[in-house]
Amino acid sequence: QVQVVESGGGLVQAGASLKLSCTVSGRAFGWSPMGWFRQAPGKEREFVAGISWNGGSTNYADSVKGRFTISRDNAKNTVYLQMNSLKPEETPVYYCARARTSSADTTPRNYDFWGQGTQVTVQS
């Protein structure tokens, strides 16, 4: 059984930074691409960032390129999302998920295990 738990969300001011963590328990973390998504109320879940199983390849949504950085520590079964220069409109729930494909693509249906999410609130 795979369990995914996000943490690190909170309330920050616009322009501030925040680092999210995602810890995965269970088998096969080290061989799985991982992704971060976010979802605002009434909107579809959108891809934010993805990382390959060994961290050698990353991809980002255009809206966060240059501001967000995804990384992972396989020894700790943890994926991180460093978010800088946060904007007030970036106030959804952030989710971490394990990809069931060979790469961390942008489609939510290609991810099988999801965390419960962590709320990020950016005040203007």
Side-chain angles (χ1 to χ4, degrees):
Q1 184 69 21
V2 177
Q3 291 185 321
V4 181
V5 179
E6 303 95 338
S7 62
L11 174 64
V12 296
Q13 297 295 314
S17 297
L18 203 59
K19 188 173 186 177
L20 306 182
S21 298
C22 168
T23 301
V24 182
S25 62
R27 58 183 175 84
F29 169 81
W31 298 104
S32 300
M34 298 291 296
W36 282 98
F37 291 77
R38 62 189 182 188
Q39 186 170 21
K43 295 189 176 182
E44 293 186 353
R45 192 165 295 188
E46 65 171 352
F47 174 80
V48 175
I51 189 166
S52 61
W53 71 272
N54 64 353
S57 177
T58 58
N59 54 319
Y60 299 91
D62 288 342
S63 59
V64 306
K65 281 181 181 176
R67 298 187 298 119
F68 289 14
T69 302
I70 187 172
S71 61
R72 67 189 294 162
D73 184 342
N74 284 353
K76 296 182 178 179
N77 278 17
T78 301
V79 180
Y80 305 98
L81 184 67
Q82 176 67 46
M83 305 185 294
N84 299 328
S85 302
L86 283 163
K87 302 176 181 180
E89 60 267 30
E90 293 175 319
T91 307
V93 176
Y94 283 76
Y95 297 91
C96 176
R98 190 190 79 164
R100 56 184 175 189
T101 53
S102 60
S103 62
D105 70 23
T106 63
T107 307
R109 66 173 180 269
N110 288 334
Y111 291 76
D112 52 6
F113 291 101
W114 293 81
Q116 81 291 345
T118 184
Q119 177 73 55
V120 172
T121 302
V122 183
Q123 286 187 332
S124 58

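If you're wondering where the values come from, they're calculated on a predicted model, not measured in any experiment. Start at 1 with the first residue, then count along the sequence. Below, all heavy atoms of this structure are taken into account, side chains as well, without hydrogens, waters or symmetry copies.
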Margin query: Pair Met83, Val48 - check side-chain contact (heavy atoms from CB on, under 4.5 Å), show working.
Written below: CA-CA 11 Å; Met83 305 185 294; Val48 175; over 6 Å; no
Note to self: We want to know whether Ser52 and Asn54 form a side-chain donor-acceptor pair, criterion being a heavy-atom distance below 3.5 angstrom.
What the structure shows: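 Checked: Ser52/Asn54 side chains pair up, N/O donor to acceptor below 3.5 Å.
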If you take all heavy atoms of [X] and [Y], which pair is closest and at what distance?
| X | Y | answer |
| --- | --- | --- |
| Ala40 | Pro92 | N-CB, 3.5 Å |
| Arg38 | Ser63 | NH2-OG, 3.5 Å |
| Ala49 | Tyr60 | CB-CD2, 3.6 Å |
| Gln39 | Lys43 | NE2-O, 3.0 Å |
| Trp36 | Cys22 | CZ2-CB, 3.5 Å |
| Arg98 | Met34 | CA-SD, 3.5 Å |

Check: Linking I/L/V/M/F/W/Y whenever any side-chain heavy atoms sit under 4.5 Å apart, do Phe113 and Val79 land together?
Finding: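 Yes, Phe113 and Val79 fall within the same hydrophobic cluster.
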Next item on the list: State yes or no: do Leu86 and Leu81 share one hydrophobic cluster built from I, L, V, M, F, W and Y residues joined by side-chain heavy-atom distances below 4.5 Å, directly or via other members?
Entry: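 In one cluster: yes.
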Next item on the list: Please state whether the rings of Phe68 and Tyr94 are parallel, tilted or perpendicular, taking 30° and 60° as the class boundaries.
Entry: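 Tilted.
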Is the side chain of [X] donor-acceptor paired with the backbone N or O of [Y] at a distance under 3.5 Å, no angle test?
| X | Y | result |
| --- | --- | --- |
| Glu6 | Cys96 | yes |
| Arg67 | Ser85 | yes |
| Thr121 | Thr91 | no |
| Asn77 | Val24 | yes |

Distance (rounded to the nearest 0.5 Å) between [X] [atom1] and [Y] [atom2]:
| X | Y | atom1 | atom2 | answer |
| --- | --- | --- | --- | --- |
| Asn74 | Trp53 | CG | CH2 | 7.5 Å |
| Thr58 | Arg72 | OG1 | CZ | 12.0 Å |
| Asn59 | Ser57 | CG | OG | 6.0 Å |
| Ile70 | Ile51 | CD1 | CD1 | 5.0 Å |

Next item on the list: Answer yes or no: does atom CD of Gln116 have more than 12 heavy-atom neighbours from other residues, nucleotides or ligands under 6.0 Å?
Entry: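 Atom CD in Gln116 is packed in, count exceeds 12.
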Under 3.5 Å, sequence neighbours excluded: what are the donor-acceptor pairs made by side chains of residues 12-20?
unit_1: Gln13; atom_1: NE2; unit_2: Gln123; atom_2: OE1; d: 3.0
unit_1: Ser17; atom_1: OG; unit_2: Asn84; atom_2: OD1; d: 2.8

Margin query: Within the structure provided, determine whether Tyr80 and Thr69 are in side-chain contact (heavy-atom separation under 4.5 Å).
Written below: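 SC-SC contact between Tyr80 and Thr69 ruled out.
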Check: Is the Tyr95-Tyr111 ring centre distance short of 6.0 angstrom?
Finding: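 No, the ring of Tyr95 stays outside the 6.0 Å limit from the ring of Tyr111, centre to centre.
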